[in-house]
Each structure stands twice: as structure tokens, then as C-alpha cells.
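Small disclaimer: the values here were computed from a predicted structure and weren't measured.
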Amino acid sequence: MVDVARDRVGEFRGEWCGWWCLRPVCGGTEWAVMPEDMQLARPEERLRAETARANARSRGELL
């Protein structure tokens, strides 16, 4: 998913009081987004996020 208000790609984690919770693909702190500020990630956005995750894993970073 893409948070268009913040221009960030994240994994959907759930819903809380009308807000959607996302987590950065490479790990980190979740954030809340209004559903109207969300859209599905385009293939190139997903690929970029997945590559960043693979690179972080290869460097031994915790995800």
C-alpha cells in the first residue's frame, strides 16, 4: 500500500478506529493513515520496497 499523504510504501497491518495501520517494508515503527489517503502500490513501487528489504537483510539489519 502507498500512503499518498506521506509518499511512503508500507505493509497493511490492520485497522484501528477507522485508521489503517501500515508498517515500513524494511521494518520500523508503524504509522496510521486515513483510508482515503491510501492506494495500491504500483509494480515499480512494490519492487523498490522489496529490493530495499532484501538489501537490508543482506546487511544483517533487523526487520
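M1 and W16 fall into different hydrophobic clusters, where Ile, Leu, Val, Met, Phe, Trp and Tyr side chains are chained together by heavy-atom contacts under 4.5 Å. Taking hydrophobic clusters as Ile, Leu, Val, Met, Phe, Trp and Tyr residues chained together by side-chain heavy-atom distances below 4.5 Å, L47 does not share a cluster with V25.
R53 has a carboxylate O that lies under 4.0 Å from a charged side-chain N of E11, or vice versa, which qualifies the two as a salt bridge.
Between T29 and P24, the shortest heavy-atom contact is O-CD, 3.3 Å. Here the closest non-hydrogen pair linking P35 and G18 is CD-O, 3.2 Å.
Put simply, CE on M38 and CG on L22 are 4.0 Å apart, with the number rounded to the nearest 0.5 Å. Once rounded to the nearest 0.5 Å, the distance linking CD of E36 with CH2 of W20 reads 9.5 Å.
Two residues are said to be in side-chain contact when any heavy atoms from C-beta on lie closer than 4.5 Å; E45 and V2 meet this criterion. Between R23 and F12 the shortest side-chain heavy-atom distance does not fall below 4.5 Å.
Grouped by direct or indirect side-chain proximity (heavy atoms under 4.5 Å, Ile/Leu/Val/Met/Phe/Trp/Tyr only), W19 sits with M34.
Every residue two or more places apart in sequence or in another chain that forms a side-chain contact (heavy atoms from CB on, under 4.5 Å) with E50 is listed here: R46. Qualifying side-chain contact (heavy atoms from CB on, under 4.5 Å) partners for R6, counting only residues two or more places apart in sequence or in other chains: D3, R8, W31, V33. Every residue meeting the side-chain hydrogen bond (donor to acceptor under 3.5 Å, both in side chains) condition with E44, not counting sequence neighbours, appears here in chain and number order: R42.
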